[in-house]
Amino acid sequence: LMIRRPPRSTPKPSAAASDVYKRQEYFHPIRVGSNLVICPTWRTHKVSEDDVLIKLDPGMAFGTGHHPTTRMCMELLETLISGGEKVIDVGCGSGILSISSVKLGAQEVLGIEVEERSVGIALENCELNDISSQVTVLNGSFPEIEVEKSAYDVAVANIAAKVIVDLSEYISSAVVDGGKLVLSGILESSLDDVEKCYLMQGVRFDKILVDGDWTAVLATKTTSIDL
């Protein structure tokens with residue numbers, strides 16, 4: 001099932017957007033999916049009863065909710081998380097998807113991030129949302145970071161398609177049989193290669209969201225693959 005979004009015009013920051021002040025001028029509260037609301041710490045937002053509020057200071061880390069891949073991942077997580085899940089977030093950036101998972105009801109999240117600066121930002125954002133006790137963030141990647149096999153109900157990875165392919169064995173093996181994967185950061189032109197790679201790991205693509213050139217995948221792990 002492929003769901004293609006109509007073209008959406010997303011305002012772009014100026015060339016000086018690397019400056020934190022400029023980033024703060026650019027980012028405003030946004031609604032994602034049905035009930036998720038991302039509110040930068042320097043803004044205010046009046047929430048309704050059903051809103052799931054995520055307070056965020058992304059700093060220079062990736063993950064503000066404005067990029068199509070982040071939004072699509074959040075929308076898929078909103079349909080997946082029902083309560084009590086263990087989630088692994090590969091390439092967690094600002095921590096936005098880890099935080100979203102806990103706010104939606106996940107029991108615990110393991111975030112993995114190669115950028116040391118982003119690890120600190122993710123941990124700070126977890127504190128802002130009062131969920132630090134439920135999220136662990138590790139600096140590094142596979143295979144240096146060892147993760148228990150078949151330990152997670154959901155894996156989410158919003159990173160470059162090449163990295164998603166390179167780490168496919170590790171990401172897939174972390175998920176229980178019947179568990180779900182949310183994969184994004186994938187250009188539509190790379191989607192077939194990613195799907196072929198994950199089929200070899202016993203992962204079936206169930207649903208594909210498309211926004212512009214970007215895609216996000218909801219998939220199911222069907223069999224155990226030993227590394």
Side-chain angles (χ1 to χ4, degrees), residues 10-33 36-45 47 52-78 81 86-104 106-142 144-145 147 152 154-160 163-164 167 171 182-185 214 216:
T10 301
K12 296 181 179 179
S14 68
S18 60
D19 179 86
V20 173
Y21 175 76
K22 291 294 185 182
R23 287 170 65 90
Q24 290 181 347
E25 288 297 301
Y26 171 64
F27 294 124
H28 295 267
I30 60 170
R31 181 174 295 276
V32 179
L36 291 164
V37 177
I38 306 165
C39 185
T41 54
W42 56 91
R43 305 285 185 189
T44 57
H45 177 76
V47 296
V52 178
L53 182 64
I54 298 165
K55 292 178 275 189
L56 196 72
D57 186 348
M60 301 308 296
F62 181 80
T64 64
H66 286 72
H67 196 275
T69 60
T70 309
R71 289 198 303 266
M72 289 188 289
C73 284
M74 292 175 68
E75 290 174 16
L76 290 173
L77 286 171
E78 191 173 30
I81 305 294
K86 293 181 65 177
V87 179
I88 183 168
D89 180 4
V90 181
C92 65
S94 69
I96 187 170
L97 299 179
S98 296
I99 296 165
S100 297
S101 297
V102 173
K103 290 273 191 167
L104 288 166
Q107 178 182 347
E108 61 181 86
V109 179
L110 173 63
I112 296 175
E113 174 56 49
V114 296
E115 294 286 343
E116 186 175 357
R117 178 173 58 181
S118 294
V119 171
I121 292 170
L123 292 171
E124 289 172 5
N125 282 318
C126 289
E127 289 183 15
L128 284 172
N129 288 275
D130 299 319
I131 60 164
S132 294
S133 63
Q134 294 169 268
V135 179
T136 301
V137 182
L138 301 179
N139 183 205
S141 185
F142 305 113
E144 292 78 23
I145 292 178
V147 174
Y152 296 90
V154 178
V156 57
N158 183 21
I159 46 182
V163 183
I164 286 178
L167 300 182
I171 295 172
V182 174
L183 307 173
S184 195
W214 297 101

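Just so you know, these numbers come straight off a predicted model, no measurement behind them. Values below: all heavy atoms of this structure, side chains included; hydrogens, waters and symmetry mates excluded.
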Write down the atom of Val87, the atom of Ala106, and the distance for their closest heavy-atom approach. CG2-CB, 3.9 Å

Would you confirm whether Glu113, through its side chain, and Glu115, through its main-chain N or O, come within 3.5 Å as a donor-acceptor pair? yes

Where do Leu104 and Leu36 land on the side chain to side chain contact (heavy atoms under 4.5 Å, CB included) test, with the steps shown first? CA-CA 9 Å; Leu104 288 166; Leu36 291 164; 4.0 Å; yes

Taking atom CD of Glu108 and atom OG of Ser101, what is their separation to the nearest 0.5 Å? 12.0 Å

Value for OG1 (Thr70) from CD1 (Ile38), rounded to nearest 0.5 Å, stands at 7.5 Å

Stepwise side chain to side chain contact (heavy atoms under 4.5 Å, CB included) test for Phe142 and Val147: CA-CA 8 Å; Phe142 305 113; Val147 174; 3.4 Å; yes

Counting only heavy atoms not in Glu78 (residues, nucleotides, ligands), do more than 12 fall under 6.0 Å from its CD? yes

CG-SG distance between Asn139 and Cys92, expressed to the nearest 0.5 angstrom: 9.5 Å

Measure across Gly185 and Thr69 and return the closest heavy-atom pair with its distance rounded to 0.1 Å. N-CG2, 3.6 Å

Under a plain distance cut-off of 3.5 Å, with no hydrogens placed, do Asp89 and Ser98 share a side-chain donor-acceptor pair? yes

Apply side chain to side chain contact (heavy atoms under 4.5 Å, CB included) to residues Ser94 and Leu56 and explain how you reach the verdict. CA-CA 8 Å; Ser94 69; Leu56 196 72; 4.0 Å; yes

CD1 of Ile88 to CG of Leu97: how many Å apart, nearest 0.5 Å? 13.0 Å

Only one of Leu138, Leu110, Val90, Val114 passes side-chain contact (heavy atoms from CB on, under 4.5 Å) with Ile145; say which it is. Leu138

Looking at Lys86 and Gln107, would you say the former's side chain and the latter's main chain have a donor-acceptor pair under 3.5 Å? no

Please examine the side chains of Ile96 and Asn125, heavy atoms only from C-beta on, and report whether any two atoms are closer than 4.5 Å. no

Hey, what do you get for CE (Met72) to NE2 (His67), rounding to the nearest 0.5 Å? 8.5 Å

One pair to check against side chain to side chain contact (heavy atoms under 4.5 Å, CB included): Ile54 and Cys39. What are the steps and the verdict? CA-CA 6 Å; Ile54 298 165; Cys39 185; over 6 Å; no

What closest approach, in Å, do Leu76 and Ala216 show between heavy atoms, and which atom pair accounts for it? CD1-CB, 4.1 Å

Tightest non-hydrogen contact, residues Ala157 and Ile164, listed as O-CD1, 3.8 Å

Roughly how far, to the nearest 0.5 Å, is the CG atom of Asn158 from the CE atom of Met74? 11.0 Å

Verify the neighbour count for atom CD of Glu116: are there more than 12 heavy atoms of other residues, nucleotides or ligands below 6.0 Å? no

